[in-house]
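What follows is one structure encoded as structure tokens, with my remarks underneath.
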4 protein chains.
Amino acid sequence: MTVAYRQDSKTRQLRQLLAGEQIVRAVGAHDAMTARLVEAAGFEAVWASSLELSASHAVPDAGLLTMTQYLDAAENMDAAIALPVIADCDTGFGGPLNVEHLVHRYERRGIAAVCIEDKVFPKMNSFAAVAHPLLPVPEFVDKIAAGKAAQRDPDFMLLARTEAFIADLSLAEALDRGYAYAAAGADAVLVHSRLQRPDQVLEFAAQWQGDVPLVAIPTTYHGVHEAELRAAGYRLVIYANQVIRAQVNAVSSMLSRLAAEGRAGSVDGQLVPISELFRLQGMTAAFRANP
Amino acid sequence: MTVAYRQDSKTRQLRQLLAGEQIVRAVGAHDAMTARLVEAAGFEAVWASSLELSASHAVPDAGLLTMTQYLDAAENMDAAIALPVIADCDTGFGGPLNVEHLVHRYERRGIAAVCIEDKVFPKMNSFAAVAHPLLPVPEFVDKIAAGKAAQRDPDFMLLARTEAFIADLSLAEALDRGYAYAAAGADAVLVHSRLQRPDQVLEFAAQWQGDVPLVAIPTTYHGVHEAELRAAGYRLVIYANQVIRAQVNAVSSMLSRLAAEGRAGSVDGQLVPISELFRLQGMTAAFRANP
Amino acid sequence: MTVAYRQDSKTRQLRQLLAGEQIVRAVGAHDAMTARLVEAAGFEAVWASSLELSASHAVPDAGLLTMTQYLDAAENMDAAIALPVIADCDTGFGGPLNVEHLVHRYERRGIAAVCIEDKVFPKMNSFAAVAHPLLPVPEFVDKIAAGKAAQRDPDFMLLARTEAFIADLSLAEALDRGYAYAAAGADAVLVHSRLQRPDQVLEFAAQWQGDVPLVAIPTTYHGVHEAELRAAGYRLVIYANQVIRAQVNAVSSMLSRLAAEGRAGSVDGQLVPISELFRLQGMTAAFRANP
Amino acid sequence: MTVAYRQDSKTRQLRQLLAGEQIVRAVGAHDAMTARLVEAAGFEAVWASSLELSASHAVPDAGLLTMTQYLDAAENMDAAIALPVIADCDTGFGGPLNVEHLVHRYERRGIAAVCIEDKVFPKMNSFAAVAHPLLPVPEFVDKIAAGKAAQRDPDFMLLARTEAFIADLSLAEALDRGYAYAAAGADAVLVHSRLQRPDQVLEFAAQWQGDVPLVAIPTTYHGVHEAELRAAGYRLVIYANQVIRAQVNAVSSMLSRLAAEGRAGSVDGQLVPISELFRLQGMTAAFRANP
């Protein structure tokens with residue numbers, strides 16, 4: 001059966017971005033509005049962030065939200081923007097069969113890429129001060145292979161994230177995992193680190209001989225510049241949790257003042273006008289339809 | 001069959017608040033985290049806001065999100081806080097049968113109260129510069145009656161919101177609607193206005209002879225103080241959309257800077273630390289369970 | 001922007017079926033398993049039936065289930081089969097904006113076609129012994145036009161269903177509605193009737209001069225043969241509710257016996273073996289993945 | 001804080017049933033309609049069956065459906081009937097934190113009891129011809145304890161299911177697991193077996209010295225009578241998958257005939273009338289509301 005995919009697909013768009021000279025910048029979001037703000041600010045992609053989504057649900061980032069909750073959130077984001085969405089899928093919600101299932105479902109909803117990590121299910125957020133056991137390499141390789149075999153659109157991407165540094169493994173072990181994942185079909189390797197400086201990710205890139213793009217998430221080593229990461233060989237940088245941290249900061253501050261003042265007008269300076277909210281949520285089109 | 005309801009129920013809690021001397025302050029939220037921030041700031045209730053929820057989905061506030069989407073969002077908020085949730089249910093998602101159905105479903109999920117308004121379905125946000133046709137009084141009364149007949153917990157509340165002022169009707173017509181709704185069983189009457197000053201809501205309260213509590217949403221007339229509303233006779237004030245407007249404001253500003261600077265550290269001053277996010281989403285409990 | 005759609009898409013598949021010589025037979029289903037049984041029996045399409053879906057939820061077929069519940073059900077069916085799914089969308093869940101929204105969402109999920117009807121929202125099932133008020137033609141035309149303007153894939157179809165005969169309107173009025181809907185862009189016209197004989201649908205077809213295909217649902221006039229409908233000019237016949245009616249019949253009978261006998265083995269003759277259930281739900285693939 | 005629970009709660013109802021002299025009979029269902037048919041046939045409880053639910057979604061019974069999909073299905077069943085629902089929760093969807101989370105969510109939705117089993121996540125259906133590794137006892141005990149600590153209503157029940165016989169462990173090991181689970185707080189112990197005869201479950205009961213009720217699922221050993229199980233000491237018998245197996249049998253047969261005959265009337269004898277479907281889905285009430 002000959003299959004021609006849409007030339008304007010989000011999957012193609014993300015592939016082309018990653019093949020370009022510029023580093024691709026994705027920003028973590030958790031709903032359609034935050035995704036739209038990421039787009040408006042000029043970034044190239046949205047990261048449907050597990051940490052952001054669990055935090056917005058006020059539950060620990062520990063495998064409690066379900067695949068269908070993640071999927072619906074990713075779809076809502078994707079429907080609101082022209083940017084591709086990369087969906088953070090934690091450990092893949094189980095074993096190889098779960099990864100196969102999630103690829104079927106995410107691809108169907110128009111998501112450009114999914115990312116799975118090599119922790120044991122149910123995972124705990126990488127910045128949590130707890131043990132972070134990793135899956136044996138062959139088991140994670142099976143999950144990658146199952147996911148890649150399930151996709152229909154050749155441009156759909158599966159990113160493999162190694163938590164080797166989070167689990168205090170060596171650079172050599174991190175590299176071994178990266179090579180194994182790429183060999184299994186992963187379209188990119190995400191190297192996570194929770195050091196305050198980018199040493200681990202820079203050393204990884206310096207040694208890396210693989211063909212697939214490298215991805216970094218500079219949360220703790222937040223002093224690094226995109227240009228340094230690009231120079232080191234990274235193709236994709238993800239600002240994974242800044243959006244919800246800015247929200248919490250702003251809302252807490254605004255609500256404290258509102259509670260103290262007892263008057264809505266007291267917080268006006270901290271708000272966008274209703275008209276701006278309307279613009280962002282597409283009310284103009286709605287007015288046309290229902291004048 | 002003798003039925004004893006939980007004495008610690010959210011429905012009872014909201015009833016008792018409204019019976020108190022102090023004005024009850026509800027703040028609009030759209031997810032569990034914003035609900036938790038409302039609680040942390042010391043307010044008494046959360047308003048599961050239609051405008052906030054549609055804006056977070058980046059769709060017009062025009063009856064596009066479904067009852068089940070509203071319901072899931074309200075439940076997630078309720079599960080995250082000890083405060084009662086009042087769910088903004090627009091026009092009730094259809095006719096009397098839909099209101100009956102929504103009361104069954106919201107009550108089951110632990111929501112303390114629902115609010116329906118007397119616009120024609122599908123409604124458009126009250127601040128939109130479009131016509132706002134109202135339902136004939138008998139039809140809206142049927143919806144209230146259907147909702148009230150459906151509840152099992154006697155403390156569950158149904159708030160009736162009149163958009164009479166939004167539809168440019170007179171004070172007399174607004175009052176007539178309020179009385180008709182209270183007679184049909186509404187547990188409170190919400191009087192909406194989009195003037196820049198609180199004249200309409202104050203005049204309404206000055207004339208009001210009914211027994212049920214009055215409710216105000218000071219969005220456009222944001223100069224009014226809670227104490228003035230309380231003195232006029234209002235029992236519940238709802239800050240319905242400030243939270244998401246603060247979020248949009250903060251996230252836009254942060255992302256502009258991040259895009260310009262190319263370094264996560266550049267926006268640190270606008271963020272809460274990860275540790276604070278973890279605290280708010282209950283990661284400590286998670287650590288205990290998975291050390 | 002040049003756009004090339006998948007040549008293997010379900011939308012293309014349904015278009016080609018309707019362009020063929022044979023009458024296309026769709027069968028109403030309400031979940032993935034019933035859809036798969038429709039496929040196994042050799043039919044050409046699945047009708048994601050509003051009556052079947054509401055009945056499976058044990059709620060009246062009266063606009064209580066939400067668009068997102070319908071959408072998830074249709075997607076689950078579509079994911080389980082190679083046949084195209086035609087989604088029964090009642091009145092379109094509101095006005096033109098709701099139809100625009102639903103087309104965006106259904107198209108994204110891979111559904112080949114949606115069908116909306118010209119009743120007033122919230123509708124009541126057409127076989128219910130109640131009044132069935134219709135929307136004025138211009139209002140329904142606006143809904144069709146909004147839906148057609150929203151689609152991206154040119155092969156996606158919107159079927160317009162007229163309840164003119166259900167509302168006791170004349171043949172002339174039914175035809176006028178059909179022409180107006182086709183002129184507004186409807187890709188097919190569904191003519192509903194609740195007579196015991198096919199006279200209305202046959203007369204409609206005899207008079208019909210339009211270009212778009214005609215569709216019939218022989219529920220009450222169940223004596224008609226597909227060949228007669230095809231000869232009269234119908235291109236698509238929908239068996240809209242037989243599946244769940246067969247289920248209720250079989251389950252009631254089986255459970256009565258089980259309750260009376262008190263032994264699982266007593267109903268063996270009424271059941272497929274577990275192995276057949278496993279086959280239908282794809283357990284073999286699962287065994288391969290998790291041996 | 002003094003707490004008084006509803007005396008008419010489903011949790012209390014199930015407790016009282018299990019304290020009675022008669023064996024309690026639960027039947028597996030997967031949607032509200034099948035739950036309602038179970039009620040109509042006179043059974044005492046509904047088992048929200050993992051196998052039925054996954055089969056209705058046409059996906060393997062292997063941990064693919066999510067907790068939220070299970071939960072919504074269980075709630076829909078519970079909302080449609082006066083019987084209590086016991087929700088089959090597979091392995092609890094992860095570790096102790098997941099079990100805590102599920103208890104919070106199921107209790108909130110009015111579900112009377114949940115059941116978790118001691119397989120490794122993601123599980124495979126017990127009748128599948130694959131290995132069935134069990135969790136070490138202390139790990140499963142942690143899950144039970146986490147679930148029991150999470151409940152608020154003292155009558156809510158957590159059933160612990162041991163797959164010891166499915167994993168080919170000895171009677172002694174099965175008993176040890178049962179005692180450990182009861183000691184951890186399980187409110188009942190479900191002993192699963194896939195033999196053609198009830199020997200394992202009868203031997204287990206003969207040796208059992210524990211205080212909590214025993215539960216059996218006579219699928220493969222379908223010759224056993226409820227009275228024999230009751231006499232052996234079982235308090236709850238679950239007919240876990242007969243409903244969907246009857247549905248598949250009936251629908252396949254009906255569709256074959258319909259496909260062959262090309263006329264709806266040809267299958268009339270295999271269907272309930274529309275009027276019966278309407279009665280079961282509560283259309284009469286709907287007619288009253290929308291005459």
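Order of the sequence lines sets the chain letters (A, B, ...), proteins ahead of strands, with each chain counted from 1.
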Option in D:T219, D:V267, D:D61 with maximal non-hydrogen atom pairs under 4.5 Å from chain C: D:D61
Minimum side-chain heavy-atom gap D:Q281-C:V59 below 4.5 Å: no
Option that, when pairs with chain C are counted at under 4.5 Å, heavy atom only, ranks first among D:N241, D:V251, D:L229, D:N76: D:V251
Among C:M77, C:M254, C:H30, who wins on heavy-atom pairs under 4.5 Å with chain D? C:M254
Starting at OG of C:S56, measure out to CG of D:L277 and round the result to the nearest 0.5 Å. 10.0 Å
Residue, of D:D31, D:I23, D:D72, that accumulates the most heavy atom pairs under 4.5 Å with chain C: D:D31
Among C:G265, C:G42, C:A264, C:A58, the residue with the most heavy-atom pairs under 4.5 Å to chain D is C:A58
C:L258 versus chain D, the contacting section by heavy-atom distance below 4.5 Å: both
With chain D, the option among C:A41, C:S266, C:A55 that has the most non-hydrogen atom pairs under 4.5 Å is C:A55
Going by atom types alone, do C:D268 and D:H222 pair a side-chain donor with an acceptor below 3.5 Å? yes
At a 4.5 Å cut-off on heavy atoms, which part of C:V27 comes close to chain D: side chain, backbone, both, or neither? side chain
For the pair D:Q247 and C:M33, evaluate side chain to side chain contact (heavy atoms under 4.5 Å, CB included) and give the outcome as yes or no after the intermediate values. CA-CA 10 Å; D:Q247 289 183 330; C:M33 178 55 74; over 6 Å; no
Interatomic spacing from CZ in D:F43 to CG in C:L255 - rounded to 0.5 Å: 5.5 Å
Which atoms of C:V38 come close to chain D, meaning under 4.5 Å heavy atom to heavy atom: side chain ones, backbone ones, both, or neither? both
Max heavy-atom pairs within cutoff under 4.5 Å with chain C, candidates D:H57, D:E226, D:R25, goes to D:E226
So C:L51 and D:I274, do their side chains get closer than 4.5 Å, heavy atoms only? yes
Any side-chain heavy atom of D:E228 within less than 4.5 Å of one from C:R263? yes
Report the distance from atom OG of D:S253 to atom CD of C:Q270, rounding to the nearest 0.5 Å. 12.0 Å
With chain C, the option among D:P273, D:A73, D:S275, D:A259 that has the most non-hydrogen atom pairs under 4.5 Å is D:A259
So do the side chains of D:N249 and C:L271 get within less than 4.5 Å of each other, counting heavy atoms only? no
